[in-house]
2 protein chains.
Amino acid sequence: MTDLGFNAKDCGTCPIQHRAVCARCETDELATLEAMKYYRSFEAGQPIVWSGDRMDFVGSVVTGVASLSQAMEDGRTQMVGLLLPSDFLGRPGRAAAPYDVVAVTNTTLCCFRRKPFETMMGATPHLAQRLLEMTLDELDAAREWMLVLGRKTAREKIASLLAIIARREASLAPERGQDDMSFDLPLTREAMADYLGLTLETVSRQVSALKRDGVIVLDGKRRIVIPDFDALVAETGDDVDGGVFA
Amino acid sequence: MTDLGFNAKDCGTCPIQHRAVCARCETDELATLEAMKYYRSFEAGQPIVWSGDRMDFVGSVVTGVASLSQAMEDGRTQMVGLLLPSDFLGRPGRAAAPYDVVAVTNTTLCCFRRKPFETMMGATPHLAQRLLEMTLDELDAAREWMLVLGRKTAREKIASLLAIIARREASLAPERGQDDMSFDLPLTREAMADYLGLTLETVSRQVSALKRDGVIVLDGKRRIVIPDFDALVAETGDDVDGGVFA
DNA sequence: CGGGGGTTTGACCATAGTCAAAGCACGTGG
DNA sequence: CCACGTGCTTTGACTATGGTCAAACCCCCG
């Protein structure tokens, strides 16, 4: 068993307890969930489920990153979502997975068998309310992404992706100077391309261009430094105040 | 007051009663909603709310079609959703509209003031459950559309849009021969372009091309006839069984 | 008859895709 | 320790798809 980095027995030590689907549950409700949960871990690159597969569980990402994507017969694929820690996987009431789900990095899920979870949802408004809230947020994110996919140039797409990741890192990391953000990019060029609706060559070219123009600095191959976040945002095409999370 | 085509007093005559957010409500719950509802009508082309506006109501589309779209400062716009009869507008718990909402055709909404509706949602699991279900469906639709926007060619995009509308018409209209579908396109070329992430010229060219190739037949400017639905689906790039609603 | 919204078509151009080769970093085995 | 292979990335040359700009068209309506 992999080391989870927290106490698997006790939801009180869970790193996502305040943002996951269970965030609103009372002590007794949590106890019920705690009794039925189990963990599953996946190595980077491993499939979690394939589109069309029967899915007998639902669950939350505890650590790591997973991708949701759709494939066309001829091999074109589009990533339609990134699951980050606290994001929920699966849909109560649906047995077949609609997308391919792949672990982008090493990933641990906190799972529940689907049927018991559905039963509990019916009896636990706190659970349903929280899931509704999370789903509405995801819907907003998906719609924001539609603007990126439908209307932005390749350069703006790259800048948008980097800005999103940078913002997320900033929201997790403790306060540090805004003008010296940096993070490890968890995605390959191909994964970025699948997310952005581009080819990996175009991604590579535009990343190089942003580097050449001083908007980003590469430290090694995967570490990105943002010397001036506002300059990056200016490249996204969004208006300054709003951005992708308007 | 416009003629609504049904009895505004009685939810029992409402055309969307079985699919709207209130579909699961019991008689007494319905009575409460009935007491607080009010109708608003908009002419084709009129704005319903602008992005950033304060929204003090939520509601359901009863008749007509409305669009959700996002605009960039330089005028590029992307439609991120189409609201059809029974679709829900607004988000409990959020005061500011995140998108521009425009009536595409003459449209009637069944509205509730936001605060009382939120209160009722907290006390009425049937309402929250139904809204969750509808939101999950919308999320699926948004993600399906991400594939269209990110990976499909102009021709495939047009075919996908026509196939979606045709399917929807078929699901509403009583059984008729599958090989003779036809419908009025409620969207201008520009609206189609905004939905598909194309320019209106490209839309026009690709519609002409599909007509030239016999995949569709135009009867006047807006009426579309689909002589062979399978042939249309073949143009979407989706595999035959699944399609956009896989 | 004239005007306007929506649409079609054409000529040209720019952006991103395709195909191909080479480079780089890292791990394995000789 | 170095050669080799693999996976990922970069770069180049060329092409194709869809965008831009501009003009004309169509149809309905006043």
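Every chain is numbered from 1, with letters handed out A, B, ... down the list of sequences.
- For the residue pair B:Ala193 and A:Arg151, the shortest heavy atom distance occurs at O-NH2, 2.9 Å.
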N/O donor-acceptor pairs under 3.5 Å from side chains in residues 198-205 of chain B, not counting sequence neighbours:
from	atom 1	to	atom 2	distance (Å)
B:Thr199	OG1	B:Thr202	N	3.3
B:Thr199	OG1	B:Thr202	OG1	3.0

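- Looking at residues two or more places apart in sequence or on another chain, you find a side chain to side chain contact (heavy atoms under 4.5 Å, CB included) between B:Ala209 and B:Arg155, B:Gln206, B:Arg212.
- Partners of B:Asp137 according to the side chain to side chain contact (heavy atoms under 4.5 Å, CB included) rule, which considers only residues two or more places apart in sequence or in another chain, are A:Arg91.
- Listed by first and then second residue, the salt bridge (charged side-chain N to carboxylate O under 4.0 Å, His left out) pairs involving residues 48-69 of chain A are A:Arg54-A:Asp56 (not counting sequence neighbours).
- For DNA chain D, the outermost nucleotides in 5' to 3' order that have an atom under 4.0 Å from a heavy atom of chain A are D:dT9 to D:dA13.
- Contact annotation for A:Gly45: no contact, since no heavy-atom pair falls under 4.0 Å across all strands.
- Residue B:Leu198 is in sugar-phosphate contact alone, with no base atom involved, counting any heavy-atom pair closer than 4.0 Å across all strands shown.
- A search for side-chain hydrogen bond (donor to acceptor under 3.5 Å, both in side chains) contacts involving B:Thr77 returns B:Asp194, not counting sequence neighbours.
- Remark: B:Phe88 pairs with B:Phe117 by the ring-ring contact (aromatic ring centres under 6.0 Å, His included) rule, at least two apart or across chains.
- The side chain to side chain contact (heavy atoms under 4.5 Å, CB included) search around B:Cys14 returns B:Ile16, B:Gln17, not counting sequence neighbours.
- With sequence neighbours excluded, the residues satisfying side chain to side chain contact (heavy atoms under 4.5 Å, CB included) with B:Val217 are B:Val225, B:Pro227.
- Remark: A:Glu156 engages A:Thr153, B:Arg76 in a side-chain hydrogen bond (donor to acceptor under 3.5 Å, both in side chains) (not counting sequence neighbours).
- Residues of residues 201-214 of chain A that place a heavy atom closer than 4.0 Å to DNA chain D, in numerical order, are A:Glu201, A:Ser204, A:Arg205, A:Ser208.
- Once you apply a 4.0 Å limit to the heavy atoms of chain B, the touched nucleotides of DNA chain C run 5' to 3' over C:dT7 to C:dA11.
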